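This report refers to the structure that appears directly beneath it.
We count residues from 1, following the sequence as given. Please read all numbers here as calculations on a predicted model, not as lab measurements.
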Amino acid sequence: MEKKYLTQLAKQFPTIAKASTEIINLSSILNLPKGTEHFVSDLHGENEQFLHVLKNGSGSVKRKIEEEFGNSLSQKDKRALATLIYYPEQKLELIMKEEESIEDWYKITLHRLIMMGRRVSSKYTRSKVRKALPEEFAYVFEELMNDKDDLHDKEAYYNEIIQTIIRIGRAPACIIAFCNMIQKLVVDHLHVLGDIYDRGPGPHIIMDTLTHYHSVDIQWGNHDITWMAAASGHMACIANVIRIAARYGELDIIEDAYGINLIPLFRFVVETYTKEPCDSFNIRYDCDTYNMQDYEMDKRIQKAIAVIQFKLEGQIIKSRPEFHMEDRLLLDKINYKEGTITLDGKVYPMDDMDFPTIDPNNPYELTQEEAAIMKRLQSAFINSRRLQEHVRFLYSNGSLYLVYNDNLLYHGCIPLDEEGNFKEVTIAGKTYSGRALYDTLESYARKAYYLEDGPEKRLGQDLMWFIWCNKDSPLFGKDKMATFERYFISDKEQHVEHKNPYYSLLNREDVIDRILTEFGLDPATAHIVNGHVPVKSKRGESPIKCNGKLLIIDGGFSKAYQKETGTAGYTLVYNSYGITLVSHRPFTSAEEAIRNESDVHSETIEVEHWVKRKSVSDTDNGKRIREDIRDLEQLLQAYKEGVIRERG
């Protein structure tokens, strides 16, 4: 087998010279500084803030400008350069209208961008930088960024390149390309710890951006899972996705962004929900963008689809007793004559008793009209080209968890018991806990999407719904999802959702060490990076847990949470010098950032600083490179011993 493998490797490196060159190349790469990793979480459709944070690399661009120019540029010029790098097209448009001597500005700006290009590319191989260069300017950029300051006889050569770019009218395109390249090189890899979808106006814009990003992975959140299941055709998750979109006044995401026809649902609502004002179904809208003419209709749509959702979920619970969710069968606990509901042995008045589609004798059965609507919606979700492209990207670049460069990344939690032991959960007749639970649920999530219709696919789809809302789900982590209670019962004691013991044990070092060990990491050096639960910093809560071993980076990207959290999200930057947590203030708009050269105000917290700067050798990629070097050295020895002959 070893000779067979080396024979295959010899096709790629057919001579001693080529194998030797590759060994030299790989060995030198190991000594380059580690690339910058950027972590974001719980974006919830807030595309403008996400795109700005992505463009500035959570302050990485500013840091590079400071490193390069120090006191040689004023703060005003540094802000102008940073804004140009973030928004080159829009900023250029303004400058070209306002600048009196545009050619001088081009010349100065190109020189500054060349210096920035050299700075951000300094820790990469020339081959990697070359791949990041825009095709139309690749040769020019490579020449300009190849630092030849010691060769004064080439100064005229470089100046002429810049002059020619300006003279032939290519300066704007060149500047835009330079800025985009700098953005790409400042951050080597992006981690998204889930919940791209729901609440905000632009999850589709975020997904479009991620599909074109140079290097990214995604850890699925519970909100992402529902969209993925909906794209597979799971009706309960389709109803849930539509309900949340209606609740936040964002139905246009489903209609306009994904081309899903909601007119049959609108007609059904107009004809069926006519009596009550649906006040329990108020819309949490954005004052700046929401059309108030849609308000009453959106309330009725929300109620209609919520009732359908509760029916469909009841059908799943009754058909999957192994999910142990009988306590969430609520429609049959309603006294339809008295207008009350009995929960946990106590009778509560219902806030809304207008249920024109519920048969009290068979409350979980869809009416003929509801069934027809759901069938059409199922077909529309399955056949939405853009949605399917986005969901396939989530599958190909995502997972429930990720182990990456001594960090364990996941969205929610590890289900634990009160003592901090891994909770055992039964899935398809077998018991799993810890890492095995994650692996099993991910396997079924993939079956739900990729298998042809059949029992195994349907089980996978139902398990995706299980991941969304079951008390034993690692992406949910609460004893119940009190959606029904919040709509229909005023008494807030029924609104409480108790968290899994995981969340009360985050500062127990033995528990965190056990989790890290379970996933094959060394507790002495590794970290957990976690999303899902917003950190209420305004109440003094810290995102840094267990002496820095666990970092929670959901700080409220979603505007719906910002009053509660006091921030607009946390992000994490992990570079060759250490790990830095960045707390962001609310973002106003890209337009204001461009015109006023303002940035998101951010506060940084140094989580860890390395005494010795980390190199590629210290990363997972470094491990793979060392394995490649060992294989090539074996090939070299095989050539020398005559076991394999050189070719060419």
Side-chain angles (χ1 to χ4, degrees), residues 44-45 197-201 223 226 230 235-255 260 262-287 289-314 328 330-331 333-334 336 339-341 343 348-358 360 363-364 366-367 369-370 373-374 377 468-469 480-497 558-561 563:
H44 284 299
Y197 282 93
D198 291 335
R199 300 195 182 103
H223 287 268
T226 55
M235 286 190 180
C237 289
I238 289 171
N240 191 72
V241 160
I242 296 172
R243 178 187 63 80
I244 294 176
R247 183 165 181 73
Y248 288 89
E250 301 293 354
L251 284 170
D252 57 331
I253 294 169
I254 293 172
E255 289 188 284
I260 292 168
L262 295 179
I263 290 177
L265 176 61
F266 294 167
R267 288 174 180 163
F268 167 75
V269 170
V270 169
E271 293 169 1
T272 308
Y273 287 85
T274 57
K275 295 180 182 178
E276 300 294 331
C278 300
D279 287 340
S280 297
F281 294 83
N282 289 329
I283 310 302
R284 297 181 179 182
Y285 56 85
D286 186 328
C287 298
T289 59
Y290 185 68
N291 185 348
M292 289 303 296
Q293 292 181 345
D294 298 331
Y295 188 75
E296 291 301 323
M297 185 62 177
D298 282 353
K299 287 200 301 182
R300 283 168 165 73
I301 290 169
Q302 187 186 168
K303 181 177 179 180
I305 202 68
V307 170
I308 291 172
Q309 177 189 327
F310 299 142
K311 289 183 177 184
L312 291 168
E313 290 177 341
R328 303 310 299 154
L330 303 179
L331 297 182
K333 307 299 187 295
I334 299 173
Y336 290 88
T340 61
I341 185 169
L343 298 177
Y348 298 90
M350 292 280 288
D351 292 342
D352 185 337
M353 281 300 299
D354 180 35
F355 296 118
T357 69
I358 293 181
Y364 299 105
L366 296 180
T367 66
E369 292 84 0
E370 287 172 328
I373 287 165
M374 290 310 301
L377 286 169
W468 159 248
C469 63
K480 68 178 181 181
M481 187 172 286
T483 306
F484 179 94
E485 291 90 332
R486 292 174 188 274
Y487 279 139
F488 294 111
I489 302 171
S490 294
D491 194 327
K492 292 189 176 181
E493 71 175 4
Q494 281 296 331
H495 298 182
V496 178
E497 300 170 342
S558 173
K559 290 180 181 177
Y561 285 143
K563 287 182 181 178

Decide yes or no for [X] and [Y]: does some side-chain heavy atom of the first lie under 4.5 Å from some side-chain heavy atom of the second?
X      : Y      : result
Val270 : Met297 : yes
Ile373 : Arg267 : no
Leu331 : Tyr336 : yes
Leu343 : Ile341 : yes

Pairing residues for [X] by the side chain to side chain contact (heavy atoms under 4.5 Å, CB included) criterion, not counting sequence neighbours:
X      : value
Arg486 : Ala482, His495, Glu497
Thr483 : Arg243, Phe310, Met481, Tyr487
Pro356 : Thr272, Tyr273, Asp354
Pro264 : Asn261, Arg376

Pair Arg199-His223, side-chain contact (heavy atoms from CB on, under 4.5 Å): steps then yes or no: CA-CA 10 Å; Arg199 300 195 182 103; His223 287 268; 3.8 Å; yes
Partners meeting ring pair (Phe, Tyr, Trp, His ring centres under 6.0 Å) with Phe355 (sequence neighbours left out):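 Scan of Phe355 (ring pair (Phe, Tyr, Trp, His ring centres under 6.0 Å), adjacent residues dropped) gives Phe488.
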Spatial distance of atom [atom1] ([X]) from atom [atom2] ([Y]) [nearest 0.5 Å]:
X      : Y      : atom1 : atom2 : result
Ile244 : Thr226 : CD1   : OG1   : 6.0 Å
Gln309 : Met374 : CD    : CE    : 9.5 Å
Ile242 : Leu377 : CD1   : CG    : 4.5 Å
Gln302 : Arg284 : CD    : CZ    : 9.0 Å
Ile301 : Leu251 : CD1   : CG    : 5.5 Å
Cys278 : Ile283 : SG    : CD1   : 9.5 Å

Thr340 vs Ile334, side-chain contact (heavy atoms from CB on, under 4.5 Å): CA-CA, chis, key distance, verdict: CA-CA 6 Å; Thr340 61; Ile334 299 173; over 6 Å; no
Non-neighbouring partners of [X] that pass side chain to side chain donor-acceptor pair (under 3.5 Å), sequence neighbours left out:
X      : result
Ser490 : Asp351
Tyr295 : Asn282
Asp252 : none
Asn291 : none

Full working for side-chain contact (heavy atoms from CB on, under 4.5 Å) between Lys311 and Thr357: CA-CA 10 Å; Lys311 289 183 177 184; Thr357 69; 3.5 Å; yes
Of the non-hydrogen atoms in [X] and [Y], which two are nearest, and what is the gap between them?
X      : Y      : answer
Ala239 : Ile308 : CB-CG2, 4.5 Å
Cys237 : Ala230 : CB-N, 4.0 Å
Ile253 : Gly200 : CD1-O, 3.3 Å
Val269 : Ala304 : CG2-CB, 3.6 Å

For [X], all residues meeting salt bridge (Lys or Arg N to Asp or Glu O under 4.0 Å), sequence neighbours excluded:
X      : value
Glu485 : Arg328, Lys480
Glu493 : Lys346
Asp352 : Lys303

Expected output: side-chain Glu370 to main-chain Thr367 donor-acceptor under 3.5 Å: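 Between the backbone of Thr367 and the side chain of Glu370 there is a qualifying donor-acceptor contact (under 3.5 Å).
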Heavy-atom donor-acceptor pair, His44 side chain to Tyr197 backbone, under 3.5 Å: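 Present.
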Ionic contact status for Arg300 with Glu296, cut-off 4.0 Å: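 Salt bridge present between Glu296 and Arg300.
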Atom OH of Tyr285 with >12 non-hydrogen neighbours under 6.0 angstrom: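 Not buried by this count: 12 neighbours or fewer within 6.0 Å.
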